[in-house]
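Before any comments, here is the structure.
For reference, positions follow the sequence shown, starting with 1. Just so it is clear, the structure is predicted and the values come from calculations on it, not from any experiment.
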Amino acid sequence: ITEKKQIISVVKSLLILISIYNILGVVGAIFKFDTFFYFIPNVLTDNYRYSSVLTNPNTYGLFAFISLVISLYFIVPSYSKKLKFINTILAIFSLASIIVSMSRSVMFMVFFLVLFMFKYFKNLSEINKKMIKYTFLAILLLVGIFWILNYEFILNFFRLNQGLNERFEIWQYVVRVIKVNWMRGYGYHNSSIIFDEIGIFPVSHAHNLYLSILLEFGVVVGMIILIY
């Protein structure tokens, strides 16, 4: 029991930390702050993708997804209206942060999260199921309407007109690098150093979460993280 309480405490602490990122990111995007606390830049990518206090919108989106999963995990089994309300607010900020980051891979993950919830959350109330279903359908409907009325806006907004931006070449290169040191990896957050040394691609990361994990942590530890 003590171990379980410790794990829950750690998860709650993580949720609080990421929620701070989320709130700052959403507020910074709405009011278009140049900096946070006068010295942390409010990074803007592609003129509309924000990163909160982080340096990469994809990382921001991934953290927001993690906080979304945690907050939903606490919402479903809770019988306390106060806790449900607090975690619902945090989940809303998580979703808003994903939208602000415009991370396509994270949006894809949210889609599968919704399917997972319907399949495995047996004690999910009918009201919550309907709310999730209708919200999801409303988003798809709005995207469909915008696509019909102004498809160029959707192409630009989701960066569909950019293709894969040489990502196949980047992924092939990352796979070759992983094979060289597949057991131990190259260390957490060292992707940017690897790309700086090679100088072939003007990027600082692999543009693929799974390859980034294998690159930095190695195949053994990386597979454990991915399976978990």
Between CG on residue Leu83 and OG1 on residue Thr88, distance to nearest 0.5 Å: 10.0 Å
Looking only at side-chain N and O atoms, does Ser67 offer a donor or acceptor that is under 3.5 Å from a partner on Ser94? yes
Quick check: does any side chain N or O of Asn42 sit under 3.5 Å from a backbone N or O of Phe33, one acting as donor and the other as acceptor? yes
Only counting residues at least two apart or in another chain, list the ones meeting side chain to side chain donor-acceptor pair (under 3.5 Å) with Ser71. none
Could you pull out the closest heavy-atom pair between Ile178 and Leu211, with the gap in Å? CD1-O, 3.9 Å
Please work out whether the ring planes of Phe108 and Phe111 are parallel, tilted or perpendicular, with thresholds of 30° and 60°. parallel
Using only atom types and a distance under 3.5 Å, with no angle test, would you say the side chain of Ser52 pairs donor to acceptor with the backbone of Tyr60? no
Check Gly61 against Ser103 and note the closest heavy-atom contact, atom names and distance. CA-CB, 4.4 Å
With the 4.5 Å side-chain cut-off for hydrophobic clustering, are Val53 and Tyr38 part of the same group? no
Kindly indicate, with the supporting measurements, whether the criterion side chain to side chain contact (heavy atoms under 4.5 Å, CB included) is fulfilled by Leu113 and Leu72. CA-CA 10 Å; Leu113 175 63; Leu72 290 176; 3.9 Å; yes
For residues Val26 and Ser97, report the shortest heavy-atom separation together with the two atoms involved. CG2-OG, 3.6 Å
Tell me the closest heavy-atom pair linking Ala64 and Ile98, and the distance in Å. CB-CG1, 3.7 Å
Test side chain to side chain contact (heavy atoms under 4.5 Å, CB included) applied to Tyr73 and Ile8, step by step: CA-CA 11 Å; Tyr73 174 80; Ile8 292 176; 5.9 Å; no
Approximate separation, where rounding is to 0.5 Å, of Ile20 CD1 and Phe63 CZ: 13.0 Å
Tightest non-hydrogen contact, residues Val106 and Phe65, listed as CG1-CB, 3.7 Å
Assess the residue pair Asn22 and Leu90 against the criterion (side chain to side chain contact (heavy atoms under 4.5 Å, CB included)); give the C-alpha distance rounded to whole Å, side-chain angles, the decisive distance to 0.1 Å, and a yes or no. CA-CA 9 Å; Asn22 293 342; Leu90 296 181; over 6 Å; no
After noting the C-alpha distance and the side-chain angles of Val177 and Tyr186, does the key distance pass the side chain to side chain contact (heavy atoms under 4.5 Å, CB included) rule? CA-CA 9 Å; Val177 174; Tyr186 294 86; 3.5 Å; yes
Rounded distance (nearest 0.5 Å) linking atom CZ of Phe93 with atom CG of Leu24: 10.0 Å
What distance separates Tyr50 OH from Ile30 CD1, expressed to the nearest 0.5 Å? 10.5 Å
Can you get from Leu68 to Val10 by hopping between Ile, Leu, Val, Met, Phe, Trp and Tyr side chains that sit under 4.5 Å apart? no
Looking at Leu214 and Val219, what are the two nearest heavy atoms and their distance? CD2-CA, 4.1 Å
